[in-house]
Amino acid sequence: MSTIQHYAAPRSLEEAADLLRQGNVTVLAGGTDLMPQSKAGKLKFQPVLMNIRNVEGLRGLTETGGVLRIGATTTITDLYDSDLVKSRLAALWQACDHFASDQIRNAGTIGGNICNASPAGDTLVPLLVLNARVVLAAKPNGALTQRVVPLREFFVGPGKVRREPSELVAAVEIDMPPPGFVSAFFKFGTRPALDISTISIGFGAVYEGGKLRDVRVAFGAVAPTPIRAPHVEAALEGKPLNEETIVAACDAAGQDARPISDVRASDWYRREMVRNMLERMLNNVRNG
Amino acid sequence: MSAMVDITFKLNGINRKTRVSATMSALDMVRDVLGLTGTKYGCGEGECGACTISVDGITLNSCLMFAADCDGRDVMTIEGLAADRKGEALRDSFVEHGAVQCGFCTPGFVMQAHHVLEKNPDASEAEIQRGIEGNLCRCTGYRKIVDAIAGVAAAAK
Ligand SMILES: Cc1cc2nc3c(=O)[nH]c(=O)nc-3n(C[C@H](O)[C@H](O)[C@H](O)COP(=O)(O)OP(=O)(O)OC[C@H]3O[C@@H](n4cnc5c(N)ncnc54)[C@H](O)[C@@H]3O)c2cc1C
Ligand code: FES
Ligand code: FES
């Protein structure tokens, strides 16, 4: 473990961005990843530890003009308790419902889940389905600037994201889905609580008149990062949701999922799980 | 040696000032710096809930929280809850239902049960079970713990 020379708890985004510009900062939100990683020696602290939980305006959900902004320090419990998330973003709500335990949901933040960039990060799969964008704040020349990156392009590999060291993830933005949009999240682990996903699937589409449109499918834990599944999406887009379409979509899943074998499951098992669970999810949508 | 941080916060209703290392967990602070040993170290990884404390009215695993993050907050440990009427009701119910064997998990369960009932005073049995998912008990098999919490929920009705 490297030593921390300075601990800071800024109260404004300006102040936080100033500290980041000076460099050598480890950002701390809920600490549910940072603490175990630092204790296990997997993470080396930078000389400055910056706690962002007191930064004003970073926590909470606001909807303006059809765009939902979720502040980076919004906790998983905040999302889980939100009526808006529950009623309109079912896949995200279901992911929160399957997330760890109450104590961890109370501490863990959405910004931390995104920046930790685990291939099995539970909010990441529904956020990909919702075409989420990451809002990054920085202060390069004395003035606060914002950069927006589609979440889909944000992940580089396990624990690696396209964030400059001088940037703070300030929020996630989602265009509220259109009327008739249905979505769902499925996570498979070996026990209900406190389990890392063996695989997870997110699905979203407008389902009207028996047909699917604006289809979005994402997989967790079957590749180095959470991914969208373009082959599955193509197999479903514009199609009536019948037996034949479902079989075609499940066949296509093999082209999108590139799982590995590890202590939790073999690659073969993961592929079979994706196939079978996708079939089950699509049948659930079909049967309402 | 990592930086030391001076923090001020409320501990079980009383204002406290202390000095902690920037890397220290809230659990280590509570036990080793403040000397309150009711909060237990089970796994140190967020898996068992033995270290559950309440911060600004919300429970979390103190083994995952940075001690410095307690600055300015309202922290309650089992010692604080034990002195509270609601804590007493839970304690009595745990005893009455035989929900304590070795007792190592008990402070964490009582803290979390208190939080579950504060948020949802007439929590159903299923809701109680969901609420305590983050707490492990090696002895009781959970049935009596759930009954003890449900007993307090029923008494409040
Ligand atoms: C027992 C246990 C069970 C868990 N179960 C699950 C689970 O079921 N599903 C799941 O997805 N995760 C799970 N996790 C992982 C973890 O709880 C989540 O990833 C959580 O969302 C992390 O949020 P945090 O605020 O605690 O992050 P922190 O630990 O504070 O930070 C995580 C990382 O993100 C960086 N960071 C945080 N916020 C920002 C920001 N705004 N800008 C830039 N960088 C930032 C930090 O520097 C750090 O690298 C579990 C963890 C534990 C210990
Ligand atoms: S000691 Fe904190 S959860 Fe086990
Ligand atoms: S009573 Fe022994 S661990 Fe629960």
Side-chain angles (χ1 to χ4, degrees), chain A residues 1-11 26-54 59 73 75-78 80-81 96-109 112 189 191-196, chain B residues 1-7 19-28 43-73 108-109 111-116 118-120 123 127-136:
Chain A
M1 198 200 309
S2 40
T3 53
I4 296 169
Q5 285 155 22
H6 181 59
Y7 171 84
R11 300 207 160 255
T26 304
V27 176
L28 165 65
T32 63
D33 280 317
L34 266 192
M35 183 62 94
Q37 285 168 8
S38 70
K39 284 204 170 149
K42 283 188 223 154
L43 169 120
K44 281 180 73 182
F45 283 115
Q46 296 289 323
V48 179
L49 180 65
M50 181 175 83
N51 180 353
I52 57 167
R53 284 221 282 190
N54 298 327
R59 181 171 176 184
T73 58
T75 65
I76 307 304
T77 296
D78 292 339
Y80 190 54
D81 287 349
C96 296
D97 190 34
H98 286 93
F99 200 106
S101 62
D102 189 44
Q103 289 97 320
I104 289 176
R105 289 193 292 269
N106 289 341
T109 64
R191 61 186 168 126
L194 280 170
D195 206 357
I196 295 174
Chain B
M1 202 38 202
S2 270
M4 297 301 285
V5 187
D6 289 309
I7 59 173
R19 171 168 266 235
V20 293
S21 154
T23 55
M24 182 183 273
S25 71
L27 174 60
D28 288 346
C43 64
E45 297 183 344
E47 297 274 355
C48 77
C51 66
T52 302
I53 62 170
S54 164
V55 178
D56 291 340
I58 284 167
T59 45
L60 34 81
N61 302 307
S62 61
C63 69
L64 299 178
M65 184 187 188
F66 284 72
D69 194 18
C70 289
D71 189 43
R73 299 183 195 274
F109 268 104
M111 289 301 295
Q112 183 60 17
H114 175 67
H115 177 61
V116 169
E118 283 291 290
K119 220 172 158 178
N120 184 2
E127 287 164 338
I128 291 169
Q129 281 173 354
R130 285 276 350 237
I132 59 170
E133 269 172 0
N135 295 74
L136 296 182

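Just so it is clear: chains get the letters A, B, ... in the order the sequence lines come, proteins before strands, and each one is counted from 1.
- Among all heavy-atom pairs drawn from A:Pro36 and B:Leu64, the shortest one is CD-CD2, 3.7 Å.
- Atom CG of residue A:Asp102 and atom CD1 of residue B:Ile58 lie 9.0 Å apart, to the nearest 0.5 angstrom.
- Between B:Phe66 and A:Leu28 the shortest side-chain heavy-atom distance falls below 4.5 Å.
- Heavy-atom distances place both the backbone and the side chain of A:Asp97 under 4.5 Å from chain B.
- Under a 3.5 Å cut-off, the side chain of B:Asn61 and the backbone N or O of A:Gln103 do not form any donor-acceptor pair.
- Minimum heavy-atom separation, A:Ala29 to B:Asp69: O-OD2, 4.5 Å.
- The two residues B:Ala22 and A:Leu49 make their nearest non-hydrogen contact at O-CD2, 3.8 Å.
- Heavy atoms only, all atoms of each residue included: B:Gly134 and A:Ser101 are closest at CA-CB, 3.4 Å.
- In this structure, chain A has a heavy atom under 4.5 Å from the side chain of B:Thr52, while its backbone stays farther away.
- With values rounded to the nearest 0.5 angstrom, B:Glu133 atom CD is found 6.5 Å from A:Arg105 atom CZ.
- Two residues are said to be in side-chain contact when any heavy atoms from C-beta on lie closer than 4.5 Å; B:Ser25 and A:Lys39 meet this criterion.
- Contact annotation: the side chain of B:Leu27 never approaches that of A:Met35 to less than 4.5 Å [non-hydrogen atoms, C-beta and beyond].
- With a threshold of 4.5 angstrom between heavy atoms, B:Met111 does not approach chain A through any atom at all.
- Rounding to the nearest 0.5 Å gives a distance of 5.5 Å between CD1 of A:Ile4 and OG1 of B:Thr23.
- Expressed to the nearest 0.5 Å, how far CG of B:Asp71 lies from CG of A:Asn51 amounts to 9.0 Å.
- Residues A:Asp81 and B:Lys119 are paired through a salt bridge, judged by an N-O separation under 4.0 Å between the basic side chain and the carboxylate.
- Heavy-atom distances place no part of A:Thr75 under 4.5 Å from chain B, backbone and side chain included.
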